[in-house]
Amino acid sequence: MRDETKATTVPLKGVIGILALYCVMGEFTILTPSIAAFARHFAGTPITTIMFANSITGIVSVPMSILSGAVLAKVGFKRAAVVGTVTMSLGGALPFLLPSITDYTYVIVSRIIVGIGLGIVMPVGSATIVAFFEGEERSRLLGYGTTIQFVFALVYTTAAGFLTEIQWNYPFLAYLIGLGPLCVSVAWMPEAKARARSQRLLCGPRGATAKRMPGAVWGYAAFTLVAWTCVTTVQVITSTVLDVRGLAGPGEAALVINCCGIGSIVSGLVFLPALRMFGTRLFGASAVLVGAGLVPCLLASSSVAYALGVFMLGLGGSTFFTAAQNAVGNITPQERIPFASGLMSSVMSLGPFVGPYVFAASMALVPSWGENAAFIILMAAAFASAAFGLAHPMRALKV
């Protein structure tokens with residue numbers, strides 16, 4: 001009898017189909033450069049409410065990611081990709097049809113719908129890679145996925161920035177871009193449903209008790225949330241900080257934010273060499289880079305210096321996240337991998353939700369530091385994670 005749990009050969013177009021799905025996952029960045037424009041249009045709405053609408057997508061997608069990851073092998077990977085992407089794209093574009101509204105509730109509802117769709121689709125790409133690939137090939141493709149995700153995050157952010165110059169409601173059209181890559185995924189991505197079942201990725205052998213999730217998985221998720229919160233907090237507050245410091249307007253702020261995406265792109269390209277170089281201490285090394293990236297953001301007296309810090313944040317944060325995904329895939333029982341993929345995807349979504357509150361809480365704790373308070377608090381968190389990661393190599397990360 002043929003052992004279906006062994007690695008199978010996926011044709012090139014199948015790999016392209018899997019990676020095309022990562023193009024869709026970059027949509028969480030779309031409205032980041034438009035916050036200032038929303039604040040002007042909805043003048044009676046507090047800035048914290050506007051940031052909340054931008055970040056509520058993350059908190060909604062957390063339970064949806066976990067639920068989606070847990071049922072992928074039942075409902076089908078392609079079906080989840082289609083339902084999630086269509087929900088996210090159409091729900092995200094909805095405010096474009098409402099140019100005259102002055103009640104921000106409609107935008108919040110749209111963002112909730114986006115969170116539902118994003119949560120459904122987020123685990124699909126990584127779970128498919130884990131199902132079909134092992135070892136260095138898995139690491140390489142997870143890295144490529146990160147690169148592609150943030151290439152398109154840059155595309156979405158740039159498109160939204162230019163569309164914002166037309167009218168406040170135009171950036172929502174950028175959500176429709178994801179429908180193109182979805183067509184490629186539907187046409188070429190291999191369906192991992194049967195493969196997941198053959199590997200017992202859902203419920204294990206018939207009659208057997210499902211294996212417990214290793215406690216280390218939750219540890220990786222927690223540390224990843226710290227690192228990713230550092231990245232996303234800076235992304236969310238960049239346009240506000242640059243405006244307060246008089247360093248850039250909305251258009252230039254969008255370009256600065258894109259430097260985070262460029263750093264993430266580079267991260268995907270260099271992930272495998274970095275893994276070979278640092279081994280199990282890659283977590284600590286990448287956390288150091290996150291902390292170091294916050295320094296130029298704190299001290300920047302020009303948009304270029306700030307952009308350098310944002311680039312370093314993208315590079316370090318994405319490397320940390322990809323390494324954590326890899327480590328979790330290495331230690332999670334086969335039948336719990338979809339759930340673990342959903343958990344890690346939810347961490348990426350939760351970061352943007354936490355960010356605005358870190359910003360507000362930091363300024364409330366140390367009002368004399370103003371907007372700089374957030375950078376100092378985040379630096380402390382990043383360097384504490386780095387110290388732990390360097391002192392305690394995370395052995396689940398295999399070279």
Side-chain angles (χ1 to χ4, degrees), residues 17-32 34 52-98 101 104-128 145 148-149 152-153 155-157 159-160 163 169-189 191-193 338-339 341-353:
I18 296 171
L19 294 178
L21 200 56
Y22 281 86
C23 302
V24 174
M25 298 178 198
E27 290 191 353
F28 67 90
T29 64
I30 284 178
L31 298 186
T32 305
S34 307
F52 171 74
N54 192 52
S55 61
I56 194 174
T57 296
I59 196 64
V60 171
S61 67
V62 168
M64 292 304 302
S65 290
I66 295 174
L67 177 61
S68 175
V71 302
L72 280 178
K74 282 187 176 179
V75 304
F77 288 55
K78 283 190 178 182
R79 183 179 296 175
V82 171
V83 172
T85 303
V86 171
T87 299
M88 178 169 52
S89 298
L90 299 185
L94 180 62
F96 171 74
L97 303 175
L98 307 169
I101 59 171
Y104 204 69
T105 303
Y106 294 98
V107 178
I108 294 175
V109 171
S110 170
R111 299 297 290 165
I112 291 173
I113 297 172
V114 169
I116 293 171
L118 180 63
I120 293 172
V121 75
M122 278 287 277
V124 179
S126 60
T128 303
I148 292 169
Q149 179 176 348
F152 268 77
V155 171
Y156 293 130
T157 304
L163 289 168
N169 62 314
Y170 271 67
F172 295 97
L173 286 176
Y175 278 102
L176 301 179
I177 295 173
L179 296 176
L182 174 64
C183 293
V184 177
S185 289
V186 170
W188 288 353
M189 185 179 80
E191 174 55 73
K193 182 176 179 180
F339 177 85
S341 296
L343 176 64
M344 294 305 296
S345 297
S346 71
V347 167
M348 178 171 276
S349 300
L350 189 58
F353 175 79

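Distance CG/Leu97 to CG/Asn169: 8.5 Å, rounded to 0.5 Å. Between the CZ atom in Phe172 and the CZ atom in Arg111 there is a gap of 7.5 Å [rounded to 0.5 Å]. We find the OG1-CG distance between Thr85 and Leu182 to be 4.5 Å, quoted to the nearest 0.5 Å. Here Ser68 contributes atom OG and Ile116 contributes atom CD1; the two are 12.5 Å apart, rounded to the nearest 0.5 Å. Going from atom CE of Met25 over to atom CE of Met88 covers 8.5 Å, rounded to the nearest 0.5 Å. Rounded to the nearest 0.5 Å, atoms OG1 (Thr128) and CG (Leu72) are 7.5 Å apart.
What you find for Ala159 and Ile177 is that their closest heavy atoms are CB-CD1, 4.1 Å. Across Cys23 and Ile148, no two heavy atoms sit closer than the pair SG-CG2, 3.5 Å. The heavy-atom pair separating Met189 from Lys78 by the smallest distance is O-CE, 2.5 Å. Minimum interatomic distance between Ala93 and Leu176 (heavy atoms only, all atoms of both residues): CB-CD2, 3.9 Å. The two residues Ala20 and Val184 make their nearest non-hydrogen contact at CB-CG1, 3.8 Å. Closest approach of Tyr170 to Leu163, counting heavy atoms only: CB-O, 3.2 Å.
Judged purely by atom type and a 3.5 angstrom limit, Ser89 uses its side chain to pair as donor or acceptor with the backbone of Tyr175. A side-chain donor-acceptor contact under 3.5 Å links Ser185 to the backbone of Leu21. Side chain of Glu191 to backbone of Gly76: no donor-acceptor contact under 3.5 angstrom is found.
In this structure, the side chains of Leu90 and Ile113 stay at 4.5 Å or more apart for every pair of heavy atoms. For the pair Tyr106/Leu94, no side-chain contact is recorded, criterion being any heavy-atom separation below 4.5 Å from C-beta on.
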